[in-house]
Amino acid sequence: MTTRSDQIRMLVELTKLTALDEGSPQAFKVRAYENAIAGIEGHHGELSGLTKAELTEIKGVGSSTADKILELEATGTVAKLETLREMYPPAFVALTKIPGLGPKTLKMLRSQLGIEDIGSLKEAVDAEQLRELPGLGEKSEQKIARAIDRLGLHGKDRRTPLVEVLGFANSLAQRIAEIEGVVEAVPCGSIRRFSETVGDVDIVVATTNPGLVGDVVLGYPEVSEVVGAGKTKISFLTREELQVDIRTVRPDQLGSALLYFTGSKAHNIALRQKAIDRGWLLSEYGLFEDKEVLASETEGEIYEALGMQAVPPMLREGSGEVEAASNERLPNLIERSDIKGDLHYHSDRSGDGRSSLEEMVEAASGAGWEYVAFTDHGEDLAINGSTPDQMLAHRDQIRGLDSRYPEIRLLFGCELNIGRDGDLDYDSDFRLEFDYCVASIHSHFDMSSDRQTARILTALQDPTVNAIGHLTGRYVGRRPGVELDIGVVLEALALSGVALEINGALDRLDATSEVARQAMSVGVDVVIDTDSHHTRDLVRMDYGVRYARRGWVTANRVLNARTLDEVLASVAARRAR
DNA sequence: GCCGTTTTCGGCCCGACTGTTTTCAGTCG
């Protein structure tokens, strides 16, 4: 049986090889495959077992793609894909990762010089053969030579975890904003959409003096190599080989520039198509009717002119948001100001906690929260956890502080460890001492999907468990999450009334926004937590909320957007079952 | 390859930068 990820993987490979075969990533066939992938990703139920008629009902999936999905299911492979694989073996396809080398040039190199892989390309470059070819010259040859040397460091597919670039992007934008003539400098692209990984850093700069921006920025110490520098656009690499693209526009064009540079590509295409439908043109310079500007200053004006609701950046993935916004049906997304408290929060009672109980209370109170649950680790987490006696003493301290900080209610909670088979810390009587518990996995990441799923199901049946923390245990860019049958887990969460955590730590962002969106569609509640171990971690609530918005999470489904009484009532109701 | 409140055929987003060119192709975002 083929899974949805098998199907998507097949289509992604087909897209890549077809782009090479057609000689352009913009080829219509390539775009059609991309649309089919987007349609399938936005389609929630299983695909396995669907008939051809049912498959072609999915947006972007036509007769030919449906056949390929069925063929994959019946035979385990797709003849068209096999043919392309023979024509373009992996060693040749790998050359597409070299920046500056596109499909047209690659195919010419192959036919003219017999280049099949990185080795033969390098030889041809060293023999100065490339410069003799039509359309190429000495400079192109040198550019390719440099790119080969760097291959793997900043290949076209490389993505960097958001956690590694967000601070840098913000500080860069802040410094650019101080340059004379600059009105605003905004990190855009996948950073603004709050994707967990980013390909590069995109910054839009509204300025009356674009030349100065270029001069100043290229003098910054972070600039390790200039990739390109024109009148309105400069690109450079940092020492860590992160690419930064800076685009300047006039201040009155900021809205259209933000729209264009925030993307996603699929969202932009959908908007531009709406403009075309009205006989208009949408570019980074504005929305135009003939040469007349209809809107350009703010994103909101452009959306309004296109007859739709303004789409929050996190939703701009081309996954149904344009249709929803056109029908006034965008969800009422959770906002930072809806959040009333944090239900996953540590003190130095945990071995990995870095701030004292009182410091953490002070910080939570300063954040304006109405309540916070201290959920220090249970005893099973050997180095970090606490014995029952330590926990009871900890409770006394919490209750003592609770009376000293009347503006915030302090709950005595626990982060229970989910053992290999779903077992939890302490005994069931002792667990009832806690006001609230989140249960999470911290080990045994490489078991089968079935066993991981069973383990989570066992844990969430326990009446003292109120939420499942960082569902998959992933660390973005470092450790993949465990494999789970998400559909089964969500169904069990919905039935039991246990909340799904969206952990706001930037290297976790777990559960993922895709899972969160699925959770919304099946009526699962979400809790957005900071999992703070230090007073400086509270900013994660912002991140968690932004990431939750990316998962189409609505305020009415967020546990910690409710009052303390409502939270406590749901804990009591669960224990009474 | 997909799609249709003009269309079942003829369209399919728009523009900057580079290097190679005398007006443009390729690549990228």
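Computed from heavy atoms alone, side chains included, the values below leave out hydrogens, waters and symmetry copies. Every chain is numbered from 1, with letters handed out A, B, ... down the list of sequences.
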Chemist: Ignoring backbone atoms, establish whether Thr232(A) has a side-chain N or O less than 4.0 Å from OP1 or OP2 of dC17(B).
Modeler: yes
Chemist: Specify the residue among Gly228(A) and Ser283(A) whose closest nucleotide of DNA chain B lies further upstream toward the 5′ end.
Modeler: Ser283(A)
Chemist: Answer yes or no: does a side-chain N or O of Ser24(A) lie under 4.0 Å from OP1 or OP2 of dT27(B)?
Modeler: no
Chemist: Would one find a side-chain N or O of Ser140(A) under 4.0 angstrom from OP1 or OP2 of dT18(B)?
Modeler: no
Chemist: Checking Arg131(A) now: which residues fulfil side-chain contact (heavy atoms from CB on, under 4.5 Å) with it, not counting sequence neighbours?
Modeler: Glu128(A), Glu138(A), Glu141(A)
Chemist: Within less than 4.0 Å of OP1 or OP2 of dG1(B), is there a side-chain N or O belonging to Lys68(A)?
Modeler: yes
Chemist: In plain terms, say whether Arg146(A) and Asp149(A) are close enough for a salt bridge, that is, a side-chain N and a carboxylate O under 4.0 Å apart.
Modeler: no
Chemist: Send over the distance from Leu101(A) CG to dC28(B) P, rounded to a whole Å.
Modeler: 8 Å
Chemist: Looking at dG19(B), dG1(B), dG29(B), which one has an atom nearest to any side-chain atom of Ser64(A)?
Modeler: dG1(B)
Chemist: NA contact type, Thr65(A), heavy-atom cut-off 4.0 Å: base, sugar-phosphate, or nothing?
Modeler: sugar-phosphate
Chemist: Any donor-acceptor pair under 3.5 Å between the side chain of Tyr260(A) and the base of dG29(B)?
Modeler: yes
Chemist: Regarding Arg110(A) and the six-membered ring of Phe92(A), is the cationic atom NZ or CZ under 6.0 Å from the ring centre and inside 45° of its axis?
Modeler: yes
Chemist: Polar atoms only, N or O, under 3.5 Å: list the protein pairs with nucleotides 9-13 of chain B and their distances.
Modeler:
from	atom 1	to	atom 2	distance (Å)
dC12(B)	O3'	Arg31(A)	NH2	3.4
dC13(B)	OP1	Arg31(A)	NH1	2.6
dC13(B)	OP1	Arg31(A)	NH2	2.8
dC13(B)	OP2	Arg31(A)	NH2	2.3
dC13(B)	O2	Arg272(A)	NH1	2.5

Chemist: To the nearest Å, how far apart are Ile69(A) CD1 and dG1(B) C1'?
Modeler: 13 Å
Chemist: Given atom NZ of Lys233(A) and atom P of dC14(B), what is their separation to the nearest angstrom?
Modeler: 17 Å
Chemist: dG26(B), dG1(B), dC17(B): which one has an atom nearest the side-chain heavy atoms of Lys80(A)?
Modeler: dG1(B)
Chemist: Want to settle it: does Lys104(A) or Glu138(A) sit nearer the 5' end of DNA chain B, counting the closest nucleotide to each?
Modeler: Glu138(A)
Chemist: Is the shortest side-chain N/O distance from Ser235(A) to OP1 or OP2 of dC28(B) below 4.0 Å?
Modeler: no
Chemist: Would Ile234(A) and Val226(A) satisfy side-chain contact (heavy atoms from CB on, under 4.5 Å), going step by step from the backbone distance to the final call?
Modeler: CA-CA 8 Å; Ile234(A) 57 175; Val226(A) 178; over 6 Å; no
Chemist: Check this for me: does any side-chain nitrogen of one of Arg278(A) and Glu289(A) sit under 4.0 Å from a carboxylate oxygen of the other?
Modeler: no
Chemist: Once you apply a heavy-atom cut-off of 4.0 Å, does Ala270(A) come out as touching a base, just sugar-phosphate, or nothing?
Modeler: nothing
Chemist: Rounded to the nearest 0.5 Å, how far does CD of Gln518(A) lie from OG1 of Thr512(A)?
Modeler: 8.0 Å
Chemist: Look through every strand shown and name the nucleotide pairing with dG10(B) as Watson-Crick or G-U wobble, where both distances are under 3.5 Å.
Modeler: dC3(B)
